[in-house]
Protein chains: 2
Amino acid sequence: MSTINDVARAAGVSVATVSRALRGLDRVSPQTRARVVQAATELHYVASPTASSLASGRTKVVAVVVPFLARWFFATVISGIEKALRRHDHHVLLIDLEGESFGTRLHLSHSMLWKRVDGVIVLATALDEQEQALIERLGLPVVTIGHRIRDWSCVRIDDKEAMRIAVRHVLDLGHTDVAYVGGVPDASADLQTPQDRARAFADTLAERGLGCPPEWVIESDWTAVGAARDIMAVLNGPSRPTAVVAASDEMALGVMAAARRSGLAVPQDLSVIGVDDHVLSEALGLTTVRQDVLCQGHRAGEALMRQLVDEAAATVDEVMPVQLVVRESTAPPPKTRGGTRVTNT
Amino acid sequence: MSTINDVARAAGVSVATVSRALRGLDRVSPQTRARVVQAATELHYVASPTASSLASGRTKVVAVVVPFLARWFFATVISGIEKALRRHDHHVLLIDLEGESFGTRLHLSHSMLWKRVDGVIVLATALDEQEQALIERLGLPVVTIGHRIRDWSCVRIDDKEAMRIAVRHVLDLGHTDVAYVGGVPDASADLQTPQDRARAFADTLAERGLGCPPEWVIESDWTAVGAARDIMAVLNGPSRPTAVVAASDEMALGVMAAARRSGLAVPQDLSVIGVDDHVLSEALGLTTVRQDVLCQGHRAGEALMRQLVDEAAATVDEVMPVQLVVRESTAPPPKTRGGTRVTNT
DNA sequence: TTGAAAGCGGTACCAA
DNA sequence: TTGGTACCGCTTTCAA
């Protein structure tokens with residue numbers, strides 16, 4: 001593979017000129033540029049990214065930090081980020097903080113970022129003081145998604161608003177006995193999304209003079225299996241809700257499945273609503289509050305690029321809209337309070 | 001931030017010695033190494049990856065090429081890869097080939113890889129001749145996942161075997177009228193997984209002297225919504241199958257939902273089985289043939305690292321086991337052929 | 001065991 | 001508009 005020297009020789013100019021010509025800088029005559037470009041093309045020249053990084057101090061790589069990757073939300077956001085960055089000729093370096101064993105999380109370290117990336121995008125993760133200080137010290141521009149940290153740029157939805165919409169939907173249908181899945185587990189005590197959604201659930205009920213017994217507010221690991229397992233006791237309890245609001249679609253789908261297993265028809269006996277609009281929600285007929293996840297990734301990518309180009313670019317706090325999508329999992333409560341228990345297995 | 005020079009000065013040795021000491025090479029006296037390590041620690045020294053890459057020619061970065069990211073299978077594989085690589089102090093550079101508009105795909109290019117990565121992992125993508133030649137020319141070690149290319153290393157499952165297991169399961173339950181979702185669409189004509197699974201479906205039926213009318217073999221875009229849409233005609237047709245085999249769990253979940261919409265109970269009126277064991281399959285009670293996706297990522301990462309360390313390392317073709325997981329979506333066919341149409345909406 | 005010095009392949013400043 | 005050249009920070013012979 002050829003180097004800048006080969007191109008310079010072939011074009012009969014200096015390496016400095018080749019560098020300028022190829023990067024589209026001015027102060028290069030059209031003729032010269034043409035000669036250089038042609039020589040470069042013929043030699044299949046591609047500048048070594050490591051060499052230019054070393055010389056220029058910019059890597060054209062952005063670290064995307066995720067708590068874990070194999071979740072629809074994260075994968076989708078990253079996809080959006082990737083597409084935004086590639087427009088600006090930048091790349092995604094993945095930093096998955098999920099530890100080897102469940103529940104553990106790696107610490108963001110100096111060596112993961114130092115001289116390796118030009119900026120950082122943090123997905124729905126609460127960084128501790130040390131990690132925040134690290135990024136600050138490294139002088140890296142940051143954009144967070146779904147979770148505000150310091151005064152860094154952030155792209156997100158209004159979680160409270162989203163939950164309010166979900167709760168109001170079931171209340172408007174006439175439900176008064178509403179359970180909640182997605183209470184804040186210890187592991188997420190520092191995350192805004194679980195907190196905000198749980199809080200908004202309670203507040204919105206209160207707003208209408210309703211309440212929810214504590215045993216109907218269920219903590220969850222935010223997975224479908226977990227939610228299905230945990231909601232069972234409530235569904236089979238002596239008195240049960242006529243609607244369940246889940247803090248995410250994945251949990252909502254778990255609840256739907258659990259309901260069917262308990263012989264409850266959705267939405268006749270039990271209404272279920274989620275938040276997110278997961279890929280599978282449409283097919284499975286789940287009513288939900290949609291957020292455009294791909295777009296959030298896009299926006300975050302663009303925001304970071306702006307900060308990269310212009311040191312002084314203002315940090316942003318973009319709040320993306322959400323929208324109720326009514327499908328087949330919600331309906332007015334059954335006439336007979338508590339619903340009719342049917343057996344279909 | 002300090003450089004190797006600062007450390008050398010602080011430790012009172014040359015930069016060469018610092019380099020050796022810190023990388024754990026031999027020919028450094030224990031005392032010297034200790035002094036260097038201490039100096040480095042005190043200065044919070046971390047070697048510049050770009051500088052060492054330029055000097056050594058190795059980047060410690062691996063390109064992971066995916067057709068698109070926001071799909072459970074891909075995200076999960078990548079998660080496995082990431083964990084394997086990070087053990088060896090290597091990183092994942094994401095290369096998402098999904099184009100801006102649906103159905104288009106970016107071309108893997110020189111500039112994406114050249115001097116940027118030490119190796120490549122290709123996920124379930126058929127690279128064209130040019131792309132293959134490019135990788136070969138660059139001399140990069142490769143591991144593919146789920147799709148064999150040339151004689152490159154590959155980690156995969158036996159797709160035919162997986163499908164055979166799925167089909168046999170429904171046949172063993174007594175079904176004879178079986179439809180298939182996941183016929184090979186044009187866009188995937190060059191992918192082995194859709195082909196192999198479709199082929200094995202037909203072969204396994206034939207093996208038992210059974211057949212499947214062409215209108216029961218449904219092409220699909222491999223999404224849940226798509227499958228739900230496309231299966232409708234079959235479910236509402238004059239004669240309908242008692243079981244549907246889907247080439248993936250995502251499609252199978254779509255079929256389950258479509259069945260319910262058509263007033264068919266699963267599994268009483270219709271059995272549904274998929275392949276993959278998607279995260280949501282357990283919660284939703286889908287019978288499936290499980291593959292361990294995370295592990296495949298892991299293995300691929302390890303295989304690549306081996307080839308990276310040892311140029312002469314043998315290429316591998318690891319075929320991972322699959323396993324039938326019977327849940328609640330399959331049962332013997334209804335007594336009355338064609339099933340009883342019930343209305344529950 | 002240690003050090004000196006020549007790269008690695010560009011970028012960017014200063015002269016010309 | 002161009003060229004010369006000093007770095008960028010580390011690795012890696014080759015000598016000492």
Side-chain angles (χ1 to χ4, degrees), chain A residues 1-37 39-40 43-61 89 110-111 113-118 138-139 308, chain B residues 1-37 39-40 43-61 89 110-111 113-118 138-139 308:
Chain A
M1 298 293 130
S2 43
T3 74
I4 197 172
N5 274 296
D6 303 326
V7 179
R9 207 171 306 125
V13 297
S14 72
V15 295
T17 302
V18 173
S19 180
R20 271 180 244 128
L22 259 25
R23 282 183 300 152
L25 302 188
D26 48 3
R27 317 201 148 210
V28 177
S29 78
Q31 307 88 300
T32 309
R33 192 188 303 276
R35 283 226 312 291
V36 171
V37 168
L43 294 171
H44 299 291
Y45 170 74
V46 172
S48 156
T50 52
S52 27
S53 293
L54 180 57
S56 69
R58 326 184 87 264
T59 62
K60 298 204 172 190
V61 174
D89 192 27
H110 197 164
S111 67
L113 303 174
W114 170 236
K115 285 288 183 185
R116 198 179 281 289
V117 299
D118 294 343
L138 260 29
L308 229 43
Chain B
M1 297 295 129
S2 43
T3 74
I4 198 171
N5 274 298
D6 302 326
V7 179
R9 206 172 306 123
V13 296
S14 71
V15 296
T17 302
V18 173
S19 179
R20 273 181 240 125
L22 258 25
R23 283 182 300 152
L25 302 189
D26 47 4
R27 316 202 148 208
V28 177
S29 77
Q31 306 88 301
T32 310
R33 190 187 305 275
R35 283 225 313 290
V36 171
V37 168
L43 293 171
H44 299 291
Y45 170 73
V46 172
S48 157
T50 53
S52 27
S53 294
L54 180 57
S56 69
R58 327 186 86 263
T59 61
K60 297 203 171 193
V61 174
D89 192 27
H110 198 161
S111 67
L113 303 174
W114 169 236
K115 286 286 184 185
R116 198 179 281 288
V117 299
D118 294 342
L138 261 28
L308 231 44

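Chain naming here is simple, since letters A, B, ... match the order of the sequence lines and numbering starts at 1 in each.
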Checklist entry - How long is the line joining CZ of A/R27 and C1' of D/dG4, in whole Å? => result 17 Å
Item to check | Distance in angstrom units between A/R20 CZ and C/dG9 C1', rounded | outcome: 16 Å
Checklist entry - In whole angstroms, how far is the P atom of C/dA6 from the CG atom of B/L54? => result 17 Å
Checklist entry - Are any of A/S19's side-chain N or O atoms less than 4.0 Å away from OP1 or OP2 of C/dT11? => result yes
Next on the checklist: Keeping A/R35 on the side-chain end and A/A11 on the backbone end, is there a donor-acceptor pair under 3.5 Å?
Outcome noted: yes
Item to check | Test item: B/R58 side-chain N/O and B/L308 main-chain N/O as donor-acceptor pair under 3.5 Å | outcome: yes
Checklist entry - Should the pair A/D89-A/K60 be classified as a salt bridge under the 4.0 Å nitrogen-to-oxygen rule? => result yes
Checklist entry - Hey, does the side chain of B/S53 reach the backbone of A/T50 with a donor-acceptor pair shorter than 3.5 angstrom? => result no
Next on the checklist: Checking A/R23 against A/S19: is there a side-chain donor and acceptor pair closer than 3.5 Å?
Outcome noted: yes
Item to check | Under 4.0 angstrom between A/T17 side-chain N/O and D/dT2 OP1 or OP2 | outcome: no
Next on the checklist: Looking at D/dC10, I'd like to know if its phosphate oxygens (OP1 or OP2) sit under 4.0 Å from a side-chain N or O belonging to B/S52.
Outcome noted: no
Item to check | B/D26 CG - C/dT1 C1' separation (whole Å) | outcome: 11 Å
Checklist entry - What does A/T32 touch in the nucleic acid at a heavy-atom separation under 4.0 angstrom: a base, only the sugar-phosphate, or nothing? => result sugar-phosphate
Checklist entry - With sugar-phosphate meaning primed atoms plus P, OP1 and OP2, does A/A16 contact a base, only sugar-phosphate, or nothing at under 4.0 Å between heavy atoms? => result base
Next on the checklist: Categorize A/V15 for me: base, sugar-phosphate, or nothing, with a 4.0 angstrom heavy-atom threshold over every strand shown.
Outcome noted: base
Checklist entry - How many Å lie between CH2 on B/W114 and P on C/dC8, as a whole number? => result 12 Å
Item to check | Between D/dC8 (P) and B/M1 (CE): distance, integer Å | outcome: 17 Å
Checklist entry - Between B/V28 and B/K115, which is nearer to the 5' end of DNA chain C once each is assigned its nearest nucleotide? => result B/V28
Checklist entry - When the distance from CG of A/N5 to P of C/dA6 is rounded to whole Å, what number comes out? => result 17 Å
Checklist entry - Looking for any heavy atom pair under 4.0 Å, which part of the strands does A/V18 touch: base, sugar-phosphate only, or nothing? => result nothing
Checklist outcome for this item: Quick note, A/T3 side chain, CB onward, closest among C/dG9, C/dT2, D/dC10 is C/dG9
Checklist entry - Considering heavy-atom distances to DNA chain C, does A/A51 or B/S29 have its closest nucleotide positioned more toward the 5' end? => result B/S29
Next on the checklist: Can you identify which nucleotide, out of C/dT11, C/dG7, C/dG3, has its nearest atom closest to the B/A55 side chain?
Outcome noted: C/dG7
Item to check | Rounded interatomic separation in angstrom, taking CZ from A/R23 and C1' from C/dT11 | outcome: 6 Å
Next on the checklist: Side-chain N or O of B/S48 versus OP1/OP2 of D/dC10: is the shortest distance under 4.0 Å?
Outcome noted: no
